[in-house]
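Each residue takes its place number in the sequence, starting with 1.
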Amino acid sequence: MEPLVAKVLCRPNIRTLSRAMSTKICYENMKMYIDGSFVPAENDKTLDILSPKDQVRIGSIADAGINDVEKALCAASDSFNNYHSDWRKTTVKDRCSLVACMADNVASRLEEFAIAESLDCGKPIVESRADIEFCVDILRYYAEIGEECFKDKHLPIPGTELKSRLSPEPYGVIGCITPWNYPLLQAVNKVAPALVAGCSIVVKPSPLASITTLLLGEAANSCGLPRGSLNIITGGPPSGDPGAAIHLTNSDKLDKLSFTGSTSAGVHMLKSSAELIRPTSLELGGKGAMVVFEDVDIDVAVDWAMVGIFMCAGQICSATSRLLVHEEIRDKFVEKLLSKTKKIVVGDPLDEETRMGPLVSAAQKSGVISRIKQAEKSGCHVLIGGSASPDGLPQNLKAGNFVQPTIFADVPLDNAAWTEEIFGPVLCVNSFSTEEEAIAIVNDNVYGLAHSVMSTDEDRANRVAARMKAGVVYVNSNQVAAPSTPFGGCRRSGFGREWGELGLDEYIHLKTITSA
């Protein structure tokens, strides 16, 4: 399995039928998936789907109300808590086969999923294809490791005739709330291990990007997933019913909650769970840093720096939006960084040449532009980009949610642009002189999701990585991922892990059974 970033940067023989196919696809009246059936929302309420590239309506999704959510919760609860249900009768081998089938279904429809992703959240088609392929890899990974990870572990009790074993069991009914930046990937990150473990799930994707999660429901349905084991509800703020998400997170039918999104929203999730003493996994915001030492190959380091901030138009929780370059190479590094940034093609996400698409919504664009203007007014030096609209956009994209790739230099360390998550294509550059100084600057932040360090001195790179306060550190790379490598944060970036065996452990309850 290739790392995700390798597929984005090195993909050969890219197909060219995306724009032609997109004219034939309709996402009108997409229904929710509850208890094994595709159903509309109560009173047939819907939300329009607006494509980020031009704000044109491309379809609609159901806008769930409280009663719709309760139906999904009851379906999940019945399928899990009824030991005679078809779902509870499955073995781990059965469940691995079902998830493998889902992988095959998604793989066979890769272009369909990729086009939907690009139209729905605005990312370039080359990124969307890589994302969908990675989703297939994750589904297959958990289908492959499930049986081995779901075995009893015998525990010796010296000096007695007692026998004890640690027995893994499915955690229960899981509520999964996913964001809009990686819609299918974030759903698969939770759904694949939870299904293999035997949990029943209610998934609520962001109303800004729900299409591919609903297509995942189609894949599950076509594979014969027992009813109630996977439920997908859609809708909610900013345009839809706010009660649905609140009802889901406050429900005592959930045995666990898994949330990926902003830190502020994560605080509300944790408060809801605290009332119920309910375990909760949180993958939240970040303000990652990339440290570049003087011994690097500058061209290579610049490429990794650009991956760290401009992929997905900077809408990545693990983005390395703070760049620290050793003072000896600072000027040369910045010169090459600007040269390459100028060549980024910003445009239609379905154009094969596009390398940065629009932001997901008008509100997201407005928020990022506001942050850029704030930095400009506070005296931050704009090297490239800024708050103005990108040049060269065709007339049909003028209404889209496009923001220029923007780089600020010599940003004060207490400036909001340096300390707060912007969630857009905005990079802040500073220099440093010593290793100790770099580490201190990196760790002087409330987040702890992902950082990067670049150096040909392996000892130094590993030494710095060990001292960075983060759940993930990339050494001589950035944003690389594989299904077997756990991902998650610390501090205000949350807790819990996705991917790897630890990602499966999140959905397993361990029971100690001792017998005489």
Side-chain angles (χ1 to χ4, degrees), residues 3-11 126-127 287-314 316 318-346 355-356 380-386 404-413 417-418 422 425-443 450-468 470 472-481:
L4 172 58
V5 74
K7 293 179 178 177
V8 175
L9 298 179
C10 311
R11 184 183 179 87
V126 292
E127 287 189 25
K287 190 67 177 178
M290 181 176 181
V291 176
V292 182
F293 285 94
E294 72 280 5
D295 57 353
V296 300
D297 181 318
I298 291 179
D299 284 306
V300 172
V302 166
D303 286 343
W304 283 119
M306 293 175 67
V307 167
I309 188 59
F310 296 134
M311 192 164 67
C312 198
I316 310 176
S318 58
T320 47
S321 55
R322 295 183 293 155
L323 178 61
L324 285 165
V325 184
H326 193 277
E327 59 188 11
E328 288 186 15
I329 62 168
R330 188 266 188 199
D331 291 346
K332 188 174 182 181
F333 188 98
V334 169
E335 180 184 350
K336 290 195 174 185
L337 175 64
L338 294 177
S339 176
K340 292 190 176 187
T341 300
K342 290 176 183 177
K343 297 176 183 177
I344 294 175
V345 179
V346 179
R355 291 300 175 266
M356 200 174 91
C380 295
H381 181 206
V382 183
L383 297 179
I384 192 171
Q404 296 187 76
T406 297
I407 300 175
F408 290 103
D410 306 319
V411 179
L413 300 183
W418 183 263
I422 296 176
V426 183
L427 179 65
C428 296
V429 183
N430 273 310
S431 59
F432 69 94
S433 57
T434 68
E435 181 179 317
E436 288 295 325
E437 180 189 10
I439 293 170
I441 293 173
V442 168
N443 290 336
H451 299 311
S452 171
V453 55
M454 304 287 297
S455 176
T456 56
D457 183 334
E458 186 176 352
D459 290 338
R460 176 166 64 181
N462 287 325
R463 184 170 64 244
V464 171
R467 294 182 61 187
M468 287 175 159
V472 178
V473 177
Y474 307 107
V475 176
N476 293 323
S477 60
N478 208 329
Q479 308 303 317
V480 292

**Item:** V429/F408 under side chain to side chain contact (heavy atoms under 4.5 Å, CB included): CA gap, chis, key distance, verdict
**Value:** CA-CA 6 Å; V429 183; F408 290 103; over 6 Å; no

Non-hydrogen atoms of [X] and [Y] that approach each other most closely:
X    : Y    : value
A301 : M290 : O-CE, 3.6 Å
V453 : A461 : CG1-O, 3.7 Å
I329 : V325 : CG1-CG1, 3.7 Å
T406 : F310 : N-CE2, 4.2 Å
Q404 : G386 : NE2-O, 3.9 Å
E127 : C312 : OE1-N, 3.0 Å

Nearest 0.5 Å, please: how far is [atom2] in [Y] from [atom1] in [X]?
X    : Y    : atom1 : atom2 : result
Q479 : S452 : CD    : OG    : 8.5 Å
R322 : I309 : CZ    : CD1   : 11.5 Å
L323 : F333 : CG    : CZ    : 5.0 Å
K336 : D303 : NZ    : CG    : 10.0 Å
S455 : N462 : OG    : CG    : 9.5 Å
S433 : E294 : OG    : CD    : 10.5 Å

Is there a donor-acceptor pair closer than 3.5 Å between any side-chain N or O of [X] and the backbone N or O of [Y]?
X    : Y    : answer
H381 : A409 : no
R460 : F293 : no
D457 : D295 : no

**Prompt:** Crowded around E335 CD? As in, over 12 foreign heavy atoms under 6.0 Å?
**Reply:**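 Check fails, neighbour count at 12 or below.
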
**Prompt:** Are R467 and E436 close enough, and set up right, to give a salt bridge (charged side-chain N to carboxylate O under 4.0 Å, His left out), and what steps lead you there?
**Reply:** CA-CA 10 Å; R467 294 182 61 187; E436 288 295 325; 2.6 Å; yes

**Request:** Would you check if I344 and T341 make a side-chain contact, meaning some heavy-atom pair closer than 4.5 Å?
**Result:**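 Heavy-atom side-chain distance check passes, below 4.5 Å.
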
**K342 side chain reached by I384 side chain, heavy atoms, under 4.5 Å** =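 Yes. Closest side-chain heavy atoms under 4.5 Å.
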
**Message:** So, using side-chain contact (heavy atoms from CB on, under 4.5 Å) as the criterion, who are the partners of N430 when residues are at least two apart?
**Reply:**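 N430: side-chain contact (heavy atoms from CB on, under 4.5 Å) contacts with L324, D410, V411, L413, W418.
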
**Message:** Determine whether L337 and L383 satisfy the following criterion, side chain to side chain contact (heavy atoms under 4.5 Å, CB included), listing intermediate values before the conclusion.
**Reply:** CA-CA 10 Å; L337 175 64; L383 297 179; over 6 Å; no

**Message:** As a quick check of understanding, evaluate side chain to side chain contact (heavy atoms under 4.5 Å, CB included) for V442 and I439, giving each step before the final call.
**Reply:** CA-CA 5 Å; V442 168; I439 293 170; 5.7 Å; no

**Audit row: F432, H326, ring pair (Phe, Tyr, Trp, His ring centres under 6.0 Å) steps and yes/no** = CA-CA 5 Å; F432 69 94; H326 193 277; 5.3 Å; yes

**Message:** As a quick check of understanding, evaluate side chain to side chain contact (heavy atoms under 4.5 Å, CB included) for M311 and N478, giving each step before the final call.
**Reply:** CA-CA 11 Å; M311 192 164 67; N478 208 329; over 6 Å; no

